Asker: 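The following block contains the structure, expressed as structure tokens.
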Amino acid sequence: MLLTMGKSYPIKIKRDKNSQMTTIMKSKFKKASLLLTGVMVGGKLFAQTPDTSAMRIDNSNYVQPFSHGGLRTFSIGFEGGLLTPYTIFSPGQQDFKSPHQEVGYGGFIKDEIIPGLGIQADFMAGKVSGAITAVDQGTGSYTSFSTKIHYSYDLTADFTLANINWGTKKSFIQPYISVGTGMMNYTATLTQNGVPATGNAQNDFYIPVGAGFKINLATGVNLDLGYQVDFVNADDFDGLVVGNNNDRFSYAHVGLEFALGARSKPQMATYNPVNSMRTEYLMDDQRLQIQVNQEKAENAQLQSSLNATNSNLATTNATLAKLTTDSDGDGVPDYYDKCPNTPPNTPVDGSGCPLPVKKPDVKVYVTQEDQKVVNEAVKNLEFDFGKATIREHSDESLNKLASLLVSKGFSLKLSGYTDNVGSVSANLRLSKARAESVKTYLSQQGADPSKITAEGYGKSNPIASNKTDKGRQINRRVEFSMF
């Protein structure tokens, strides 16, 4: 529109093909091109933080893949930069051929919805200006324009690129692109014949399209380098209506982004969910290996205990075998036999040595007094636990019984029993050994071993409960039957 002092009139200018593109900016174009190149390109665009998980599992700040609970999604940012009517899109169609650079500033708040996609609300303000070569409109020449952007608000979708990688836990630089829509309020000022004229404030829609990259400076702090082209839904953003093309301008900015929330949580925008899947797999594998190692250690302990038990059992069996083996069959175990290799059917004494010729048997009767001696011997008879060794306090009663057997020539049957602790075979051997031990003792005291029989019956025929210590002690016994 044509702006005069206090009034404004719309002006349409027809482009002169012969005069177009004759004085296109040189130094300004170079500066803007270098700025764009620095934003869009860069040798370190995809630089990554090295991953050392091949050596060890780094699960610091680990978050379950695709879970939002442990991530910071919201962030805020502040930025400043340069505004210019020059853009990378059709630069030859600008109304003013000599764009200037002005300062712009703004801020944003962003919510990362999913890894790689965020919704961002932006604010921006500043000034866009430029100059024009002399163009005769019949009413004078416009030499420059300046548009003050009072405020602009837009909502954009930000797409983070190159943030999905198996081997990298966290990317160091995140390139991004953005697109959205917004509303701006601005006032354009045109200078004609050296006299500036300012029009009324206007509101128009615009479409922001941008690209850039963010560099991680610290946990939750990123440097934002971006370039944005704003397509205004009007052709008089610069104060002139020229041709049929809407106006546009660019905004190259530098800013800082701060993630909101606890510092212990990683920022979703820099978070790599695919690598978290790899970390989770390695953690599961490590946990499984720890469990396997624990099972191996437990199995080794069980095997060691089993070997010790088998060794003790072998020692016990060897001792029992030594106490019960009678190689010459004379009724005296080899351990106590002082006269080995006695001829078969030869009467021997308690030490295994042959007896004098036996006198004819004399029939005798067991009296009540005799039975008392037997009962007393049974009552006082005790063995060491798990052994056939007779305890010393049993000797007195057994000595009286031996004297009775010698004086009256009684026969004696010894029946050994055990409790229910241990295997059947071990209990049979132990009960037999105990009965044999009593027989040997009585024989050593002068009793005729040929009149004494010793048998072992193991844990059979209990006379008390095996559920108590006292009951089991009672069941560990040797019964005497004298006749």
Side-chain angles (χ1 to χ4, degrees), residues 32 35-36 38-42 45 68 71-90 103-128 147 149-164 171 173-186 202-216 220-234 237 246-261 267-271:
L35 177 63
L36 173 64
V39 173
M40 297 301 294
V41 187
L45 187 61
H68 287 200
L71 296 170
R72 289 188 281 177
T73 61
F74 279 94
S75 62
I76 59 174
F78 307 94
E79 61 194 26
L82 298 178
L83 290 166
T84 175
Y86 173 78
T87 71
I88 62 174
F89 300 101
S90 301
V103 175
Y105 59 92
F108 64 85
I109 182 170
K110 178 182 177 183
D111 180 19
E112 194 78 10
I113 301 175
I114 59 174
L117 174 61
I119 299 299
Q120 181 169 309
D122 297 278
F123 166 81
M124 189 267 291
K127 184 168 65 173
V128 180
T147 298
I149 302 174
H150 303 290
Y151 60 82
S152 65
Y153 299 101
D154 61 61
L155 191 66
T156 61
D158 284 23
F159 301 90
T160 303
L161 309 176
N163 201 29
I164 306 298
S171 58
I173 296 181
Q174 296 88 42
Y176 66 87
I177 58 174
S178 63
V179 64
T181 183
M183 171 71 72
M184 69 170 59
N185 177 270
Y186 61 90
Q202 294 183 232
N203 294 310
D204 277 312
F205 287 102
Y206 69 99
I207 296 176
V209 177
F213 57 87
K214 295 180 180 180
I215 302 174
N216 307 137
V221 180
N222 304 313
L223 177 66
D224 183 10
L225 303 176
Y227 177 81
Q228 178 176 302
V229 176
D230 295 327
F231 295 87
V232 185
N233 187 35
F237 174 77
N246 289 340
D247 291 331
R248 52 192 174 274
F249 62 92
S250 62
Y251 177 41
H253 56 82
V254 178
L256 290 175
E257 178 186 31
F258 302 91
L260 303 180
Q267 185 180 0
M268 180 182 288
T270 62
Y271 164 69

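Treat the numbers as computed from the prediction; the structure is a model and nothing was measured.
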Asker: Using modelled atom types only, decide if a donor and an acceptor are shared between the side chain of T156 and the backbone of D158 within a distance under 3.5 Å.
Answerer: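 Not a single qualifying donor-acceptor pair exists.
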Asker: Hey, are the side chains of N216 and Q267 touching, using non-hydrogen atoms and a 4.5 Å cut-off?
Answerer: no
Asker: The test is side chain to side chain contact (heavy atoms under 4.5 Å, CB included); show your working for L83 and K127 and say whether it passes.
Answerer: CA-CA 7 Å; L83 290 166; K127 184 168 65 173; 5.7 Å; no
Asker: Minimum heavy-atom separation for G182 and P208, please, with both atom names.
Answerer: N-CD, 4.4 Å
Asker: Does either side chain, that of Q228 or that of D122, offer a donor lying less than 3.5 Å from an acceptor on the other one?
Answerer: no
Asker: Let me confirm one number: the CZ-CE distance from F123 to M184, rounded to the nearest 0.5 Å.
Answerer: 11.5 Å
Asker: Would you say D154 and S152 are linked by a side-chain donor-acceptor pair, where the criterion is simply a distance under 3.5 Å?
Answerer: no
Asker: Regarding Y251 and D230, do their side chains bring together a donor and an acceptor under 3.5 Å, going by distance alone?
Answerer: no
Asker: Not counting sequence neighbours, which residues clear side chain to side chain donor-acceptor pair (under 3.5 Å) with N233? List them please.
Answerer: none
Asker: For residues V232 and F249, determine if any side-chain heavy atom of one lies less than 4.5 Å from a side-chain heavy atom of the other.
Answerer: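 Yes, side chains in contact.
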Asker: Distance from T73 atom OG1 to L71 atom CG, nearest 0.5 Å?
Answerer: 8.0 Å
Asker: Do T87 and F231 have side-chain heavy atoms sitting under 4.5 Å apart?
Answerer: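 No. Closest side-chain heavy atoms not under 4.5 Å.
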Asker: What residues form a ring pair (Phe, Tyr, Trp, His ring centres under 6.0 Å) with F258, not counting sequence neighbours?
Answerer: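 Residues passing ring pair (Phe, Tyr, Trp, His ring centres under 6.0 Å) with F258: none at all.
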Asker: For the CD atom of E79 and the CE atom of M124, what is their distance to the nearest 0.5 Å?
Answerer: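 Answer rounded to 0.5 Å: 8.5 Å.
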Asker: Between Y151 and A125, what is the shortest heavy-atom contact and its length?
Answerer: CA-CB, 4.5 Å
Asker: Are F237 and Y206 an aromatic pair, judged by ring center distance below 6.0 Å?
Answerer: no
Asker: Among all residues two or more places apart in sequence or in another chain, which pass the salt bridge (Lys or Arg N to Asp or Glu O under 4.0 Å) test with E257?
Answerer: K214
Asker: Is the shortest heavy-atom distance from the side chain of I76 to the side chain of F108 under 4.5 Å?
Answerer: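 The answer is no; the side chains never approach within 4.5 Å.
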Asker: To the nearest 0.5 Å, tell me how far L225 CG sits from I215 CD1.
Answerer: 5.0 Å
Asker: Working to the nearest 0.5 Å, report the span between CD of Q174 and CG of N222.
Answerer: 6.0 Å
Asker: Just wondering, do L256 and L223 contact through their side chains at under 4.5 Å, heavy atoms?
Answerer: yes
Asker: Rounded to the nearest 0.5 Å, what separates atom CZ in R248 from atom CD1 in I207?
Answerer: 12.5 Å
